[in-house]
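The structure presented is a predicted model; accordingly, all values stated were derived computationally and were not measured.
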Amino acid sequence: VPGLLAMLLSQKYVPSAKLQGSPQWYQDAMHALLGFCTGYMIYDSFMGFIIEVWQPGRGPVLSSDDWMYLGHHILTSLYMTSTRWVKAGHISAMVLMFFGELS
């Protein structure tokens, strides 16, 4: 959370800003934070389902809440990855990550 807050406060808030106009240190830090958060979402998805809902001989047994949780993790990972790919939307992704971590 402190890293996300520092990044959000270090630049002017322009949700549609392209990443190329930012200083190199900011671009590197943003890629590192988005990569870390994406990796955490993937880890949390796999480990949460392997450990919590795995039943020997049956595999993962998912409830409707589990499907929502998994869908949330997949869509969040895709959004964070797309912001790195198109080099825009990084500010909105970091705002969502920041408030997600606070809650």
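Residues Y13 and L8 are members of one and the same hydrophobic cluster, defined by side-chain heavy-atom contacts under 4.5 angstrom among Ile, Leu, Val, Met, Phe, Trp and Tyr. In the hydrophobic cluster analysis, where Ile, Leu, Val, Met, Phe, Trp and Tyr join through side-chain heavy atoms closer than 4.5 angstrom, L34 is grouped together with V95. Under a hydrophobic-cluster definition in which Ile, Leu, Val, Met, Phe, Trp and Tyr are linked whenever side-chain heavy atoms come within less than 4.5 Å, directly or via other members, L75 and M68 are assigned to different clusters. V14 and Y26 sit in two unconnected hydrophobic clusters of ILVMFWY residues. Membership requires side-chain heavy atoms under 4.5 Å apart, directly or through other members.
Hydrophobic cluster membership of W85, counting Ile, Leu, Val, Met, Phe, Trp and Tyr whose side-chain heavy atoms lie under 4.5 Å apart directly or via other members: V86. Cluster note: L96 groups with Y79 through ILVMFWY side-chain heavy atoms spaced under 4.5 Å, whether in direct contact or through intervening members.
For S64, there are no side chain to side chain contact (heavy atoms under 4.5 Å, CB included) partners at least two apart in sequence or on another chain. Under the rule for a side chain to side chain contact (heavy atoms under 4.5 Å, CB included), F36 has no partner lying at least two apart in sequence or in another chain. In this structure D44 satisfies the side-chain hydrogen bond (donor to acceptor under 3.5 Å, both in side chains) test together with Y69, H73, sequence neighbours excluded. Residues satisfying the side-chain hydrogen bond (donor to acceptor under 3.5 Å, both in side chains) criterion with Q20, sequence neighbours excluded, are absent altogether. The side chain to side chain contact (heavy atoms under 4.5 Å, CB included) search around L102 returns V1, F98, F99, not counting sequence neighbours. Partners of E52 under the side-chain hydrogen bond (donor to acceptor under 3.5 Å, both in side chains) rule, at least two apart in sequence or in another chain, do not exist in this structure. For T38, the side chain to side chain contact (heavy atoms under 4.5 Å, CB included) partners two or more places apart in sequence, or in a different chain, are I42, S77, M80, T81.
Residues H31 and R84 have side chains in contact (heavy-atom distance under 4.5 Å, counting atoms from C-beta outward).
Atom NE2 in H90 sits 12.5 Å away from atom OG in S82 (nearest 0.5 Å). One distance of note links CG of L19 with CE of M30; it measures 4.0 Å at 0.5 Å rounding. For the atom pair CD1 of I74 and CG of L70, the computed distance is 4.0 Å after rounding to the nearest 0.5 Å. Here SG of C37 is found 10.0 Å from CE of M94. Values are rounded to the nearest 0.5 Å. With rounding to the nearest 0.5 Å, the separation of CG in L78 from OG1 in T83 is 11.0 Å. Rounded to the nearest 0.5 Å, atoms CH2 (W25) and CE (M7) are 6.0 Å apart.
When all heavy atoms are compared, the tightest approach of V61 to R58 is CG2-CZ, 4.0 Å. The heavy-atom pair separating Q27 from S22 by the smallest distance is NE2-O, 2.8 Å.
Atom CH2 of W67 sits in a sparse spot, with 12 or fewer heavy atoms from other residues, nucleotides or ligands closer than 6.0 Å.
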